[in-house]
Asker: 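Before I ask anything, let me first share the structure, which is written out below as structure tokens.
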Protein chains: 2
Amino acid sequence: MNKQKNLTLADVAQAAGVSTATISRVINGTPNKVSDTTRERILKLVAELDYQPMQIGRALSRMESATVALLTPDTRNAFYASIADGLEQAITATGKAMVLGHTREDPVLQDRHLAQMQSHGVAGIAMLGAVPSPGLSKAVARELPIVFVNRKCPYGAGSAFVGIDNYRAGGDVAGHFLERNYDPVAVIHGPLNSSASLERYEGFRDVIESAGHSLSERFVIHGGLTIESGYRATRDLLDHDEHPRAIFCANDAVAYGAHHRCGELGLASPERIALFGFDDNPLNKWLAPWLSTVAVPCTDIGTRVAELFLGGPVPPRQYLLPYELKIRRSA
Amino acid sequence: MNKQKNLTLADVAQAAGVSTATISRVINGTPNKVSDTTRERILKLVAELDYQPMQIGRALSRMESATVALLTPDTRNAFYASIADGLEQAITATGKAMVLGHTREDPVLQDRHLAQMQSHGVAGIAMLGAVPSPGLSKAVARELPIVFVNRKCPYGAGSAFVGIDNYRAGGDVAGHFLERNYDPVAVIHGPLNSSASLERYEGFRDVIESAGHSLSERFVIHGGLTIESGYRATRDLLDHDEHPRAIFCANDAVAYGAHHRCGELGLASPERIALFGFDDNPLNKWLAPWLSTVAVPCTDIGTRVAELFLGGPVPPRQYLLPYELKIRRSA
DNA sequence: TACCTTAATGCAAAGGTTTGCATTACGTTG
DNA sequence: CAACGTAATGCAAACCTTTGCATTAAGGTA
């Protein structure tokens, strides 16, 4: 990367008059292997010379680079960006670096990234919003250190997961709707191959129905997770005489689109149609104060994921973190 | 990273009955070094075995890993996220991976990241929103392949830069204000050690003043780049009898904060106070249709930066990309 | 046929760090 | 004093790929 060669272990060893092995052991803090006097002397020298071990050599030796990969649909979505932010912070704190790849929800691209991350020898892969793909299936079978974030692994429950209890959260939103006597209610759910979307919907539906209400088929709309698709879904939903009194949206972005359409129809929410989103975009407070939503603890999720990569093999557990219903205005 | 060792060059060589050198040359497409028949045979074998060269070994050999670093204040800011997105796309297209580090505008953290990226042997470093720091100064002096994005290098003009002509853009906003006869006008500018903020302000001021208007000191407010600081700045700005008819904000986030404060005072923009932002957050269309702004070509910026890292040494040029004034509503 | 040229391939070193094993030095015990 | 144990250090191989140089083979020319 630069002309003037970097300082190497051998240089330091020569300067200290010891072997590279000793320097290496000091750098890595290998216990019971080097005398206190030598250790101190070398540490001082290392500081003086400002020596930094080259991760490149270290990686080859350990067959693992000091990096963790985050694969995510994209980070222009504020929710994904927040999780990326939390994860980056946690990873940096451990002295590792974060490699970021955007899958754009495309199985082919996801597989390309997966293969590349493996050849880069990353210490772990965080799959945020994974889509089913052959490469992912293979990676899971090989028991690579993968942690699924927000969306569970599409290939069996044997993989680690960090996120929230989407089923319960969906139910909680339904409970809130019932409490306020919103009736009828509608739901715009996301892609059902995403566990997050599916479970939210199921939880919502089950609570609504177990309360004796029914969720009319016309009020269950399938959509994507973008503003545009939220707009389109709402256009379809409201293209009838009977309107729902409240809509549970797949995420905040969808709710923005829904709000826009409601505005066009003069059904200004929340007075006419209450909207409930998911994720809690930090901009909501300022730009969408009319939107209630489910706040997901993004930073905590990042921290937890980073922890999992630290301590040896990743346990195939599911870590469900607490979420919070944010009720804004009169939603 | 995984128990079952990955396929290695030697394995493929053995399977093909040739030396590792030949395989390497085929993989890398070294011209005039291997016969067409062998090349084809090996390519087929490689495909069959699904061999992927281990980047880890490759990096040591080349003393450079197939990665490019992006250092940015953070990616929860939609503008930074957009540039990161564009850069990631361009880098991925070249077969490299992107390493992401958040500096949080903190010189210490920035230096830590810079040192780490160097030891990781990244092929290039994109500094998005750089802050002055000792390590950065050193890195620039060592002529590492650094490209400054959006904010110019704080240490002389000898470094590559990709962004827009902020001075001219600021002037254009002023021109727009003059055209609409907004008077008086105010500006909430960002940190002046950021070339982006400074030049925008200077361009704005110069056009206003050269038109014979004056920019009263009370209408020039210094602030940060967050919503909160935009809110605070606007609170100060409007804490007088005389109000500006329009405010040029450091970026869209600041404008959101300003809008919020205007709303609290019943000075709903743009009828009473017109707001102009910068960056063009993609959410604006849906959530802030009252906000005019300067659209920065984020994707193009990312592409250009990636190009620079591809072709050998980075030329110390400044690449100014076209921007666009987005006039929304009656701003 | 002997020599030369060119094309194709192989050999082996290099790149920086880690680590199992060997070695040294020193102090202790019998 | 010899035998031994322990703590500290060094040696060298290993990790995987790339590449300069050497080697071989093949084809052509005198």
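In what follows, every chain begins at residue 1, and chains take the letters A, B, ... in the order their sequences are listed. Below, all heavy atoms of this structure are taken into account, side chains as well, without hydrogens, waters or symmetry copies.
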Asker: How close or far is atom P of dG16(C) from atom CD of Q14(A), stated in whole angstroms?
Answerer: 13 Å

Asker: Under 3.5 Å, is there a donor-acceptor pair linking the side chains of S119(B) and Q52(A)?
Answerer: no

Asker: Take atom CG of N32(B) and atom P of dA8(C), then tell me their distance rounded to the nearest Å.
Answerer: 8 Å

Asker: Could you give the CE-to-P distance, from M54(B) to dT18(D), as a whole number of Å?
Answerer: 12 Å

Asker: Would you give the length of the straight line joining atom CD1 of I56(A) to atom NE2 of H120(B), rounded to the nearest 0.5 angstrom?
Answerer: 9.5 Å

Asker: Heavy-atom nearest nucleotide on DNA chain D for T37(A) versus Q55(B): which residue maps closer to 5'?
Answerer: T37(A)

Asker: Residues from residues 38-53 of chain B sitting under 4.0 Å of DNA chain D, heavy atoms only?
Answerer: Y51(B), P53(B)

Asker: Side chains of Q118(A) and R142(A) only: does a donor on one sit below 3.5 Å from an acceptor on the other?
Answerer: yes

Asker: Whole Å only: how far is the CD1 atom of I56(A) from the C1' atom of dG16(C)?
Answerer: 9 Å

Asker: So, for I23(A) and A16(A), which heavy atoms are closest and what is the spacing to 0.1 Å?
Answerer: CD1-CB, 4.3 Å

Asker: Quick check on DNA chain C: between G57(B) and S19(B), whose nearest nucleotide comes earlier from the 5' end?
Answerer: S19(B)

Asker: Ring of F148(B), cation from R151(B) - is the NZ or CZ under 6.0 Å from the centre and inside 45° of the axis?
Answerer: no

Asker: From CG of D36(A) over to C1' of dT9(D), roughly how many Å is that when rounded to an integer?
Answerer: 15 Å

Asker: What pair of heavy atoms forms the shortest contact from A10(B) to T20(B), and how long is it?
Answerer: CA-CG2, 3.8 Å

Asker: Any side-chain N or O of T8(A) less than 4.0 Å from the OP1 or OP2 oxygen of dG15(C)?
Answerer: no

Asker: Compare the minimum distances between each of dT18(D), dT9(D), dG16(C) and the side chain of L60(A), then state the nucleotide with the smallest one.
Answerer: dG16(C)

Asker: How long is the line joining CE of M63(B) and P of dT19(D), in whole Å?
Answerer: 13 Å

Asker: Testing the basics here: between M127(B) and A130(B), what is the closest heavy-atom pair and its distance to 0.1 Å?
Answerer: CE-CB, 3.7 Å

Asker: If we count only N and O atoms by modelled type, under 3.5 Å, do the side chains of T75(A) and H102(A) hold a donor and an acceptor together?
Answerer: yes

Asker: Before accepting this row, confirm whether a basic side-chain N of the pair R41(B)/D36(B) lies closer than 4.0 Å to the acidic partner's carboxylate O.
Answerer: no

Asker: Give each protein N/O atom lying under 3.5 Å from an N/O atom of nucleotides 19-27 of chain C, with the pair distance.
Answerer:
none

Asker: For DNA chain D, just give me the dot-bracket, please: Watson-Crick or G-U, both distances below 3.5 Å, ( ) intra-strand, [ ] crossing earlier pairs, | paired with another strand, . unpaired.
Answerer: ||||||||||||||||||||||||||||||

Asker: Roughly, in whole Å, what's the span from CD in E64(A) to P in dT18(C)?
Answerer: 13 Å

Asker: Give the minimum heavy-atom separation between F161(B) and V149(B), together with the two atoms involved.
Answerer: CE1-C, 4.3 Å

Asker: dC15(D) C1' sits how many Å from L9(A) CG, rounded?
Answerer: 15 Å

Asker: Work out which heavy atom in K152(B) is nearest to a heavy atom in S195(B); give both atom names and the distance.
Answerer: N-OG, 2.7 Å

Asker: For E307(A), does the CD atom sit with more than 12 other heavy atoms under 6.0 Å from it, leaving out its own atoms?
Answerer: yes

